[in-house]
Peer 1: 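Input: one structure, supplied below.
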Amino acid sequence: MPRSFYITTPLYYVNDRPHIGSAYTTLIADIIALYHRMTGDDVFFLTGTDEHGQKVQQAAEKNGISPREHCDIYAARFKELWSYFGLSFDDFIRTTEDRHVRVVQTVLQSLFDKGEIYKDTYEGWYSVADELFISDKDHEEGRYRDVRRISETNYYFRMSAYQERLIGHIEAHPDFIRPANRRNEILGFLRQPLKDLCISRPKERLAWGIELPFDKDYVTYVWFDALLNYITAPGYLSDDAKFAAYWPAVHMIGKDILTTHCVYWPTMLMAAGIPLPKTVFAHGWWTSEGQKMSKSLGNFIDLETIRGYCESVGKDAYRYFMAKEGPLFSDSDFSRERFYQTYNADLANDFGNLVNRIFKLIAKYFDGRIPEAGEPGEDELAMMEASVQCRETVLAELEELNVNAVAAAVIAYVTSINRYLEKTEPWKLAKTDLAGTGKVLYAALASLRFSAALLYPLLPEKMTEFFGMLNTKEAPGHIVQWQDLKSGTPLGEMKALFPRFDMQLLEKS
RNA sequence: GGCGAAGUAGCUCAGUUGGUUAGAGCAGCGGAAUCAUAAUCCGCGUGUCCGGGGUUCGAAUCCCUGCUUCGCUACCA
């Protein structure tokens with residue numbers, strides 16, 4: 001019986017354009033999903049779009065179309081990007097879908113019946129121009145215009161009732177919020193009394209939302225709408241067996257939505273009697289060329305910029321860089337120079353050149369056929385053992401969701417193959433001992449194949465190409481045994497998988 | 001303001017409960033080699049481990065203090 005594994009990205013707000021942030025979260029979630037599939041896990045990978053709210057309503061009005069049409073257009077942008085990268089998600093949920101509306105309304109009604117939701121009147125400062133309530137502090141600072149004191153009646157969720165239970169859960173489950181610094185942030189946050197959560201908006205102020213089942217004059221606002229999708233998609237209230245198989249999830253998110261996922265969401269689930277997520281992993285943000293990304297600075301990494309990188313050295317290279325150098329635990333800088341340096345060092349020099357060396361040697365001395373393994377000597381056994389070690393490291397780091405360390409571990413193994421060749425010097429050995437040369441080249445190719453298999457989730461297109469070149473008719477995406485390489489197979493035609501990027505091109509632009 | 005994190009080689013960072021000459025990757029320099037995508041392999045860092053004070057036989061690692069950077073401080077991603 002395979003283990004099940006459920007991983008999610010946030011649902012991206014349709015009005016925001018995809019950029020390096022959303023691309024990063026989604027790419028690493030895909031990578032983690034592929035690794036889990038590789039180990040034989042039954043994976044469910046979810047992404048989607050968050051489509052309700054005032055901004056959507058306003059944008060649609062402005063363009064003279066219905067909110068629904070507006071969402072269709074904008075959701076397509078995300079779908080397009082994900083299909084460009086060939087991502088492997090199993091479901092793409094949109095919060096405007098019927099299946100989701102049904103879950104939201106059912107959960108809300110049930111919480112209302114249990115007394116978890118109550119009606120109350122809030123009085124505060126309201127900015128007419130911006131159409132939102134602002135805090136006393138914002139008002140003092142005078143940032144908003146056209147501010148009036150008004151009161152509004154809304155529905156509230158008794159979040160405060162769950163404060164102690166939540167703290168207990170976080171303390172008892174070190175894996176619940178990660179990395180550890182984010183966990184501390186939340187625990188710090190929870191040292192202050194937790195307030196109840198306002199979960200509605202009167203329809204006169206916001207029409208584009210899910211109607212409260214117990215009050216036709218209101219729609220639900222943000223939280224129940226945008227978070228419950230995580231249980232809608234795997235079949236909550238619609239497919240019990242599926243839901244039981246996959247829930248609880250691992251949520252990959254950016255640090256900007258930490259509180260919603262680590263406080264609002266778990267307390268909502270507690271109230272509804274649903275188990276909490278296994279892990280909420282909040283990664284950091286990319287900076288760009290050493291500075292915070294901003295449109296005015298001109299360093300904003302948008303869709304077009306991403307495509308530019310992909311076109312220059314390939315989508316896989318971009319994906320690889322995201323994983324290897326990305327801001328998993330703290331912020332990380334994306335610079336053109338660093339991007340291409342990493343590409344050259346790891347992919348062109350270490351891996352790509354190694355493919356070339358081994359293929360050409362086999363072509364020259366063995367007519368392009370995979371040589372006999374022979375009796376492995378000390379060095380060959382060492383490579384075999386190192387492969388087992390490498391796999392264990394990869395799987396251990398995968399448990400930690402540390403794709404950064406996963407990539408580093410495999411590249412370290414690739415480096416050891418280059419070192420093995422320097423030590424055994426098959427190009428010299430061939431002059432005196434052809435059988436010995438065969439043994440060396442077999443070991444080198446076996447090691448290379450092994451590393452390619454482990455690199456597959458990071459570089460799916462290129463490693464598929466590699467296995468095509470290997471011509472062993474095996475489907476990529478599985479863990480392989482070092483010694484399972486079949487001798488005698490004629491290798492396919494060799495292509496340069498990662499042509500070196502000329503760093504001088506950087507100077508020019 | 002309050003709470004918290006961090007400041008280690010040019011860059012990105014490791015450095016377990018204080019203990020022998022402070023490490024890795026990348027970049028740089030030198031060499032070897034030539035099977036290979038000027039790739040690979042080997043070698044090379046006298047770094048005030050942010051400053052100052054203290055505890056200790058001994059501190060990057062503990063305590064105090066100063067400086068700097070950053071995060072959180074909810075119902076606006």
Side-chain angles (χ1 to χ4, degrees), chain A residues 10-13 15-16 21-22 50 53-55 122 124 127 130-135 137-138 144 154 156-157 159 179-182 184-201 221-223 226 254-260 262-264 284-285 287 290 292 324-325 327 329-333 335 337-338 341-342 344-365 404-405 408 411-412 414-430 437 440-441 444 494-503:
Chain A
L11 294 210
Y12 302 108
Y13 197 58
N15 269 25
D16 299 328
S22 38
D50 177 14
Q54 202 161 50
K55 284 179 186 171
Y122 173 82
S127 163
D130 294 287
E131 296 183 39
L132 53 85
F133 277 89
I134 61 175
S135 65
K137 200 165 73 176
D138 284 334
Y144 291 85
N154 268 305
Y156 290 82
F157 163 55
M159 187 163 73
N181 53 331
R182 304 294 171 208
N184 290 340
E185 246 174 65
I186 291 298
L187 284 171
F189 177 85
L190 288 171
R191 277 201 286 269
Q192 306 209 332
L194 199 56
K195 294 182 198 164
D196 288 341
L197 189 65
C198 179
I199 58 153
S200 72
R201 287 291 182 269
Y221 178 69
V222 188
W223 316 118
K255 65 180 183 181
D256 50 319
I257 49 176
L258 183 70
T259 308
T260 57
C262 297
V263 179
Y264 303 177
W285 283 14
T287 55
K292 200 169 173 178
K324 173 102 186 305
E325 306 291 332
F329 303 100
S330 55
D331 290 355
S332 186
D333 189 50
S335 77
E337 191 181 1
R338 189 165 169 223
Q341 266 174 0
T342 301
N344 275 349
D346 292 0
L347 300 180
N349 299 352
D350 285 353
F351 187 87
N353 181 52
L354 179 63
V355 173
N356 246 20
R357 309 176 79 175
I358 296 173
F359 271 62
K360 291 218 172 149
L361 284 164
I362 291 177
K364 189 167 175 183
Y365 298 112
N404 190 322
I411 284 301
V414 171
T415 299
S416 78
I417 309 173
N418 273 313
R419 212 175 282 141
Y420 169 75
L421 284 182
E422 294 299 323
K423 190 175 181 194
T424 51
E425 299 184 305
W427 49 91
K428 278 188 185 167
L429 194 61
T437 309
V440 167
L441 291 179
M494 196 197 63
K495 285 169 285 186
L497 292 174
F498 304 106
R500 191 180 158 73
F501 181 82
D502 182 0
M503 293 301 279

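The shown structure was predicted, so the numbers you read here are calculated from the model rather than taken from an experiment.
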Peer 1: Reckon Pro193(A) touches a base, only the sugar-phosphate, or nothing at all at heavy-atom distances under 4.0 Å?
Peer 2: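 Result for Pro193(A) = base.
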Peer 1: Using the C1' atom as the reference point in each nucleotide, state the distance between G47(B) and G66(B) in Å, no decimals.
Peer 2: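 It works out to 23 Å between them.
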Peer 1: Residues in side chain to side chain contact (heavy atoms under 4.5 Å, CB included) with Lys423(A), at least two apart?
Peer 2: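 Only Asp379(A) meet the side chain to side chain contact (heavy atoms under 4.5 Å, CB included) criterion with Lys423(A).
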Peer 1: Taking the same atom, P, in U65(B) and in A5(B), what whole-Å distance lies between them?
Peer 2: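 Nearest-Å result for U65(B) against A5(B) at atom P: 15 Å.
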Peer 1: Just jot down the side chain to side chain contact (heavy atoms under 4.5 Å, CB included) partners of Phe501(A), sequence neighbours excluded, or say none.
Peer 2: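 Only Val313(A), Tyr340(A), Tyr343(A), Asn344(A), Met503(A), Leu505(A), Leu506(A) meet the side chain to side chain contact (heavy atoms under 4.5 Å, CB included) criterion with Phe501(A).
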Peer 1: Figure out the CZ/P separation between Arg338(A) and G10(B), and round it to whole Å.
Peer 2: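 So the CZ-P distance, Arg338(A) to G10(B), works out to 17 Å.
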Peer 1: Just the rounded figure in Å: distance from P of A24(B) to CG of Asp346(A).
Peer 2: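 Spelled out: CG on Asp346(A) to P on A24(B) is 17 Å.
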Peer 1: Could you write out each protein N or O paired with an N or O of nucleotides 1-3 of chain B at a distance under 3.5 Å?
Peer 2:
from  : atom 1 : to        : atom 2 : distance (Å)
C3(B) : O2'    : Arg191(A) : NH2    : 2.8

Peer 1: Taking only the P atom of each, what is the distance from C50(B) to U8(B) in whole angstrom?
Peer 2: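 The same atom, P, in both gives a distance of 6 Å.
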Peer 1: Is G30(B) paired to anything, Watson-Crick or G-U wobble with both distances less than 3.5 Å, and if yes, which nucleotide?
Peer 2: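 Result: C42(B).
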Peer 1: Could you measure between the two C1' atoms, the one in A33(B) and the one in C26(B), and give it in whole Å?
Peer 2: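 Looking at atom C1' only, A33(B) and C26(B) are 23 Å apart.
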Peer 1: Rounded to whole Å, how long is the line connecting atom OH of Tyr12(A) with atom P of A77(B)?
Peer 2: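 Taking OH of Tyr12(A) and P of A77(B), I get 16 Å after rounding.
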Peer 1: Could you tell me whether Asp331(A) and Lys292(A) have a side-chain N and a carboxylate O separated by less than 4.0 Å?
Peer 2: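 Result for this pair is no, no salt bridge flagged.
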Peer 1: Determine, step by step, whether Tyr264(A) and Phe157(A) satisfy the side chain to side chain contact (heavy atoms under 4.5 Å, CB included) criterion, reporting the C-alpha distance in whole Å, the side-chain angles of both residues, the deciding distance to 0.1 Å, and the verdict.
Peer 2: CA-CA 10 Å; Tyr264(A) 303 177; Phe157(A) 163 55; over 6 Å; no
Peer 1: Among A77(B), G71(B), U12(B), which nucleotide sits nearest the side chain of Tyr13(A)?
Peer 2: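 Nearest listed nucleotide: A77(B).
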Peer 1: Can you tell me if Arg357(A) and Asn418(A) form a side-chain donor-acceptor pair at under 3.5 Å?
Peer 2: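 The answer is yes; a qualifying pair exists.
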Peer 1: Could you walk me through whether Asn349(A) and Arg500(A) pass the side-chain hydrogen bond (donor to acceptor under 3.5 Å, both in side chains) test, one step at a time?
Peer 2: CA-CA 7 Å; Asn349(A) 299 352; Arg500(A) 191 180 158 73; 3.2 Å; yes
Peer 1: Measure from CG on Asp331(A) to C1' on A6(B) and round the result to the nearest Å.
Peer 2: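 In whole Å, A6(B) C1' lies 12 Å from Asp331(A) CG.
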Peer 1: Would you mind pulling out the nucleotide paired to C72(B), Watson-Crick or G-U wobble, both distances under 3.5 Å?
Peer 2: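 The base-pairing partner of C72(B), which may sit in any strand shown, is G2(B).
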Peer 1: Measure the distance from CD on Glu185(A) to P on C70(B) and round it to the nearest whole Å.
Peer 2: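 Rounded to the whole Å, the gap is 15 Å.
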Peer 1: Give a yes/no on whether any side-chain N or O of Tyr156(A) is located under 4.0 angstrom from OP1 or OP2 of C75(B).
Peer 2: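 No, because none of the side-chain N or O atoms of Tyr156(A) sits under 4.0 Å from OP1 or OP2 of C75(B).
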Peer 1: Using the P atoms only, state how far G30(B) lies from U69(B), rounded to an integer number of Å.
Peer 2: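 Here U69(B) and G30(B) have their P atoms 39 Å from each other.
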Peer 1: Give, for atom OH of Tyr122(A) and atom CG of Asp196(A), the distance between the pair rounded to the nearest 0.5 Å.
Peer 2: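 Answer rounded to 0.5 Å: 13.5 Å.
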Peer 1: More 5' along RNA chain B: Phe189(A) or Asn181(A), using each one's nearest nucleotide?
Peer 2: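 Between the two, 5'-proximity favours Asn181(A).
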Peer 1: With both distances under 3.5 Å as the test, what is the Watson-Crick or G-U wobble partner of A24(B)?
Peer 2: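 Per the H-bond distance test, U12(B).
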Peer 1: What is the nucleic acid contact for Asn184(A), judged by heavy atoms within less than 4.0 Å: base, sugar-phosphate only, or nothing?
Peer 2: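 No contact.
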Peer 1: Taking N or O atoms only and anything under 3.5 Å, show me the protein contacts with nucleotides 32-41 of chain B, one pair per line.
Peer 2:
from   : atom 1 : to        : atom 2 : distance (Å)
C35(B) : O2     : Arg357(A) : NE     : 3.1
C35(B) : N3     : Arg357(A) : NE     : 3.2
C35(B) : N3     : Arg357(A) : NH2    : 2.5
C35(B) : N4     : Arg357(A) : NH2    : 2.9
A36(B) : O3'    : Asn356(A) : ND2    : 3.1
A36(B) : O2'    : Asn353(A) : OD1    : 2.4
A36(B) : O2'    : Asn356(A) : ND2    : 3.3
A36(B) : N3     : Asn353(A) : ND2    : 3.2
A36(B) : N3     : Arg357(A) : NE     : 3.1
U37(B) : OP1    : Lys360(A) : NZ     : 3.0
U37(B) : O2     : Phe498(A) : O      : 3.4
U37(B) : O2     : Arg500(A) : N      : 2.8
U37(B) : N3     : Phe498(A) : O      : 2.8
U37(B) : O4     : Gly352(A) : O      : 3.1
A39(B) : OP1    : Arg500(A) : NE     : 2.7
A39(B) : OP1    : Arg500(A) : NH1    : 3.3
A39(B) : OP1    : Arg500(A) : NH2    : 2.6
A39(B) : O5'    : Arg500(A) : NH1    : 3.3
A39(B) : O2'    : Asn349(A) : O      : 3.2
A39(B) : O2'    : Asn353(A) : ND2    : 2.7
U40(B) : O2'    : Arg357(A) : NH1    : 3.0
U40(B) : O2'    : Glu422(A) : OE2    : 3.0
U40(B) : O2     : Glu422(A) : OE2    : 3.4

Peer 1: Of all residues at least two apart in sequence or in a different chain, which pass the side chain to side chain contact (heavy atoms under 4.5 Å, CB included) check with Val263(A)?
Peer 2: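 In terms of side chain to side chain contact (heavy atoms under 4.5 Å, CB included), with neighbours along the sequence ignored, Val263(A) is linked to Met159(A), Leu166(A), Ile186(A), Phe189(A), Leu190(A), Leu194(A), Thr259(A).
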Peer 1: Among C76(B), A74(B), C75(B), which is the nearest nucleotide to the side chain of Met159(A)?
Peer 2: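 Shortest atom-to-atom distance from the side chain points to A74(B).
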Peer 1: Taking any heavy-atom pair under 4.0 Å as a contact, classify Tyr264(A): base, sugar-phosphate, or nothing.
Peer 2: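 Touches a base.
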Peer 1: Within the supplied structure, the quantity of interest is the number of heavy atoms (other residues, nucleotides, ligands) at a distance under 6.0 Å from Glu425(A) CD; does it exceed 12?
Peer 2: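 More than 12 heavy atoms, drawn from other residues, nucleotides or ligands, come within 6.0 Å of this atom.
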Peer 1: Considering every strand shown, what is the Watson-Crick or G-U wobble mate of U48(B) when both distances are under 3.5 Å?
Peer 2: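 Paired with U48(B), as far as the under-3.5 Å criterion goes, is no nucleotide at all.
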Peer 1: How far, in whole Å, is G2(B) from C44(B) if one measures between their C1' atoms?
Peer 2: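 C44(B) and G2(B) have their C1' atoms separated by 50 Å.
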Peer 1: Looking only at the side chain of Leu197(A) (C-beta and beyond, no hydrogens), which of the listed nucleotides C26(B), C75(B), C72(B) gets closest?
Peer 2: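 The answer is C75(B), which lies nearest to the side chain.
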Peer 1: Salt bridge (Lys or Arg N to Asp or Glu O under 4.0 Å) between Arg182(A) and Glu185(A): does it pass, once the steps are laid out?
Peer 2: CA-CA 5 Å; Arg182(A) 304 294 171 208; Glu185(A) 246 174 65; 3.2 Å; yes
Peer 1: Salt bridge (Lys or Arg N to Asp or Glu O under 4.0 Å) between Lys324(A) and Asp346(A): does it pass, once the steps are laid out?
Peer 2: CA-CA 10 Å; Lys324(A) 173 102 186 305; Asp346(A) 292 0; 2.8 Å; yes
Peer 1: How many whole angstroms separate atom CG of Asn404(A) from atom P of C13(B)?
Peer 2: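 Computing the Asn404(A):CG to C13(B):P distance gives 10 Å.
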Peer 1: Would you mind pulling out the nucleotide paired to U17(B), Watson-Crick or G-U wobble, both distances under 3.5 Å?
Peer 2: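 Here U17(B) is not engaged in any pair, so there is no nucleotide opposite it.
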Peer 1: Please enumerate all residues that pass side chain to side chain contact (heavy atoms under 4.5 Å, CB included) together with Ser330(A), with sequence neighbours excluded.
Peer 2: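 Residues passing side chain to side chain contact (heavy atoms under 4.5 Å, CB included) with Ser330(A): none at all.
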Peer 1: What integer number of Å spans the P atoms of C49(B) and U61(B)?
Peer 2: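 It comes out at 10 Å once rounded to the nearest Å.
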Peer 1: Could you check which nucleotide pairs with C35(B) in any of the strands shown, counting Watson-Crick or G-U wobble with both distances under 3.5 Å?
Peer 2: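 None - no nucleotide pairs with C35(B), as no candidate has both distances under 3.5 Å.
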Peer 1: For the pair made of NZ in Lys255(A) and P in A77(B), what is the distance, rounded to whole Å?
Peer 2: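 From Lys255(A) NZ to A77(B) P: 16 Å.
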Peer 1: Expressed in angstrom and rounded to an integer, what is the separation of Ile257(A) atom CD1 from G71(B) atom P?
Peer 2: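 In whole Å, G71(B) P lies 18 Å from Ile257(A) CD1.
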